Each structure stands twice: as structure tokens, then as C-alpha cells.
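Step one of this worksheet: look at the structure below.
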Amino acid sequence: MALFIGRFAANKHLVSCYFRGLYTSSLRTVSIKAAPAPPPSTETFDEKNARLKRPQSPHLTIYKPQLTSMLSITHRMTGMALCGYMTVLGLGSLTPFVDFPFLAESIANLHLPGAVLYSGKAMIAFPAAYHFINGIRHLLWDTGRFLTIKHVYTTGYITLGISLLFTAWLVTL
Amino acid sequence: MVMALHCIVRNFPKYAQLSSKCFSGYTLTRTASVLGPLRLHNSKVDPWAASSNTALNLSPTYLNKTIDLSQVKAFSVTSSKLSAAGHDHTKLWSAERILSAALLGIAPAAFLYPSAALDTLLAVTFVMHNHWGIEAIVVDYVRPIIFGNAIPKIALGLTYGFSIAMLVGLFYLIFNGSGLVNTIQLFWKI
């Protein structure tokens, strides 16, 4: 069957005869009207689907967590954490009743156990360390390096490792 | 079946010519490639590349016109491209990356050599970097399709106000208070 089609199509004369037969076999009056083209729609994909009230497919609830997406959202969340630190420092110094040396002394006078102090410092330092190292990874991506999936995973694990070491070092300062 | 496929594949240039001949009076060929090796989907030839042998021969057989494709400008009628018309984000993007790279050096330097000058530099670069980051988050999540038309604009305005307030507060801390890195070290020494 396939061989027949191949031989049939290879015969130029047969093809043009066949199609010419299609055009002239039955006569119908056809009228064509020219109309201006409708203006292009500025509706985005999401707007159109919302207008048609179509249900949305699940995404975050079903997507498997992977190193790529988890490191990316951690980068964003650590950025927000650092923003929080600087908000305390920046906006806090604008409020009248905040005096940082006094606050530091009050916390020191609580005489918290070393374990609490070290774990607290680690939790505060990790966002800074991780965001710093992952920031370097992002800038390397922006130069066009390490963009294959294998490299993304390799640099991802390296980033995690270096961030933890960096955090441990920051805690000892 | 395989033989037929082989027959069709080997004669494909002829079929391409035939189909265009049937439905129009023009031949659509690429000069110097019809008789050349057949290129399939893993070909690395760029059909829009400007080179001497890729002029598209869009000519009826009785005329001899050639159109140089390198002069053709692509256009789009999809809404995402329409809304982006006239807005070039490239310089801002570059500025963001350069600032991030600068911050990589300024942050450690401000802690190693505490001074009002480095404190100020750190405050300015940090607030700019922070502003762009928060703006990205707000633009990503506070979208018009969810929140309507007014709230995203308000959220963006709040982001600007927040960044300005943070910068003012940090300057106050540097010049009227205990200094930026000194305050951080105060808490870290506990």
C-alpha cells in the first residue's frame, strides 16, 4: 500500500492530472468577499482561559520537588530573610524606642546557653551564606556557563556544601 | 513499509516542488540545496542566516526575482510581544547583574574594614539589590489576573516606599547611631 502511494506520487503527470480533475469535475458558484482583518487580540493566554471559565490544571500540588526548583525557591526565601534583617536594622532605627546597643546588652544579660546561641546564629547566618554562594552561581549562569542539567545539579550540590561550611565559619566569628 | 518510506524520503525534494507547483504558479526552492544532500530535522542550517547561497528563490518560472531573507524583519501579533513593544529591559538587567557582582565584593570588605564610607556604600548597594529583588517578587506574585488592576500598582508603590524608608533608616543608623556593621557585630559578639 505504501509502495503504491510512493510510486503514484513519483509520477508527475498522474498527480497534476488527478488534481486538475478535482478542480473541474463539479461547477459551483463561489463568491469571495474581502473584509478588513480583525485587530489582533491583546488578551493573554491566562485572561482568555479565565474568561472562558476553564478549570486550571494542578501545578505546585503535583510537581515533584527537585534540586533545581528547591534551590531556586530557597534563593528567593533567603533573599527575603536578608531583607527582613535589614528591615529590622533600617526601619527599626527610624522608630523612636529602638536602641540597638541596649537591645544587644539585654540579650547578652539573658545568659542563654551556648547551644541556643550557636544554633540561633547558624539559623541567622545560613540565609546570608546561601544567598551569597547561590548568587555567584546565578551570575555564572548569566555569563552562559553551567547551563546544562548535569552542571546545574553539580553546581547545586557544590553550592549547598559550601553554604553549610560558610555558615559554620560565620558562626565561629 | 520501510522501502516505501525510503522511496519517499529519497524523492522528497521532488515532492516539495510538486506540491508547490500544484497549488501555485511559483517554485519554492532554496538555491544550491535542491540537488544537495537532503537535510532532515537535526540539520544545523539556519534558514534565516545571511549568506550568498541562502537567498530564497520565490520566483515564478517565467520571472527571475530573488528575495534576500536577511532584510526581512520578523514581527509578531501575539499579545505578549505586543505589550512589550517599545520597552527595552536589557540595560536594567545588566545593571542588576553588575550591582550583584559589586555587592559580592563590598559586603565582605565593609565587614573587614569598618568605616562610615564603606557602610554607606554597603547600604546603598544593598538597598538597590534588595529593591530589585522585592520588586521581582511583587511582580511575580501580585498579578493583575488575581488581584485586579489597582492592587499590583499599589504593591509596587509600597515597594518603592519601603526601599526609600530602608535607605533613610540605614543612613540614620550610620551617621546618627552605632553604624551599620558595628551594630551587626554588636549582636554577633553575644
Side-chain angles (χ1 to χ4, degrees), chain A residues 1-7 9-10 12 15-16 18-20 37 39-48 50 76 79-80 82-83 85-87 89-95 98-101 103-105 107-108 110 112 117 120-121 124-125 128 131-132 135-136 138-139 142-143 170-171 173, chain B residues 1-8 11 14-15 18-19 21-23 76-80 82-83 93-94 97 100-101 103-104 107-108 111 123 126-127 129-130 133-134 136-137 140 143-145 162 165-174 176-178 180 182-190:
Chain A
M1 163 74 175
L3 203 63
F4 169 75
I5 293 173
R7 292 196 63 232
K12 191 157 84 170
V15 166
S16 48
Y18 177 76
F19 283 124
R20 205 173 292 142
S41 165
T42 52
E43 208 175 22
T44 63
F45 174 84
D46 289 323
E47 285 164 357
K48 177 176 175 179
R76 184 162 265 191
M80 292 199 277
L82 291 171
C83 171
Y85 299 165
M86 281 305 203
T87 308
L89 284 178
L91 297 184
S93 56
L94 282 179
T95 54
V98 166
D99 178 23
F100 290 116
L103 272 173
E105 235 187 279
I107 298 174
L110 289 174
L112 295 164
L117 279 177
K121 279 191 193 176
I124 293 173
H131 196 84
F132 191 91
I136 300 174
H138 259 91
L139 289 173
D142 290 332
T143 63
L170 282 173
V171 166
L173 285 178
Chain B
M1 180 61 194
V2 175
M3 272 178 66
L5 195 65
H6 184 67
C7 171
I8 292 169
N11 291 299
K14 248 196 282 177
Y15 301 158
L18 283 176
S19 59
K21 265 200 185 119
C22 288
F23 297 113
S76 167
V77 292
T78 56
S79 59
S80 56
L82 283 172
S83 67
W93 189 91
S94 305
R97 312 299 129 161
S100 307
L103 202 47
L104 279 180
F111 281 93
F126 179 92
V127 169
H129 183 76
N130 184 58
I134 302 293
I137 292 173
D140 275 351
R143 287 171 279 153
I145 196 157
F162 177 74
M166 186 188 282
L167 190 61
V168 168
L170 286 176
F171 273 14
Y172 187 84
L173 187 61
I174 294 168
N176 285 3
S178 40
L180 183 52
N182 286 335
T183 312
I184 297 173
Q185 278 167 349
L186 266 178
F187 286 98
W188 212 250
K189 279 189 293 202
I190 300 171

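Any value given below was found using the heavy atoms of this structure, including those in side chains, with hydrogens, waters and symmetry copies removed. Predicted, not measured: the structure shown is a model, and the values here were computed from it. A, B, ... follow the sequence lines: proteins, then strands. Residue 1 opens every chain.
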Completion exercise
Nearest heavy-atom approach of B:I137 to A:M80 is CD1-CG, 3.5 Å

Practice task
Check the pair B:L173 / A:F100 against side chain to side chain contact (heavy atoms under 4.5 Å, CB included), numbers first and verdict last.
Solution key: CA-CA 10 Å; B:L173 187 61; A:F100 290 116; 3.7 Å; yes

Practice task
Measure distances from A:L139 to the heavy atoms of chain B and classify the residue's part below 4.5 Å as side chain, backbone, both or neither.
Solution key: side chain

Exercise for the section: Can you establish whether the number of heavy atoms outside A:Y85 located under 6.0 Å from its atom OH is more than 12? Expected result: yes

Exercise for the section: Give the C-alpha distance, both sets of side-chain angles, the deciding distance and a yes or no for side chain to side chain contact (heavy atoms under 4.5 Å, CB included) between B:F126 and B:L180. Expected result: CA-CA 12 Å; B:F126 179 92; B:L180 183 52; over 6 Å; no

Handout entry: Heavy-atom contact with chain B under 4.5 Å, split by part of A:A128
Key = neither

Exercise for the section: Using non-hydrogen atoms and a 4.5 Å limit, figure out which bit of A:L117 sits close to chain B: side chain, backbone, both or neither. Expected result: side chain

Practice task
Report yes if the side chains of B:D140 and A:R76 come closer than 4.5 Å at any heavy-atom pair, otherwise no.
Solution key: yes

Handout entry: Contact origin within B:I134 toward chain A - heavy atom pairs under 4.5 Å
Key = side chain

Problem - Region of A:L112 in contact with chain B, defined by heavy-atom distances below 4.5 Å - result: neither

Practice task
Measure distances from B:A136 to the heavy atoms of chain A and classify the residue's part below 4.5 Å as side chain, backbone, both or neither.
Solution key: both

Handout entry: Interface residue of largest heavy-atom contact number with chain B, from A:G135, A:S93, A:G79, under 4.5 Å
Key = A:S93

Problem - B:R143 bridged to A:D46 by N-O distance under 4.0 Å - result: no

Problem - Exam field: side chain B:W188 to backbone B:T183, donor-acceptor pair closer than 3.5 Å - result: no

Practice task
Check whether B:F171 gets within reach of chain A through its side chain, its backbone, both or neither, counting any heavy atom under 4.5 Å.
Solution key: neither

Problem - Portion of B:I145 that has a non-hydrogen atom of chain A nearer than 4.5 angstrom - result: side chain

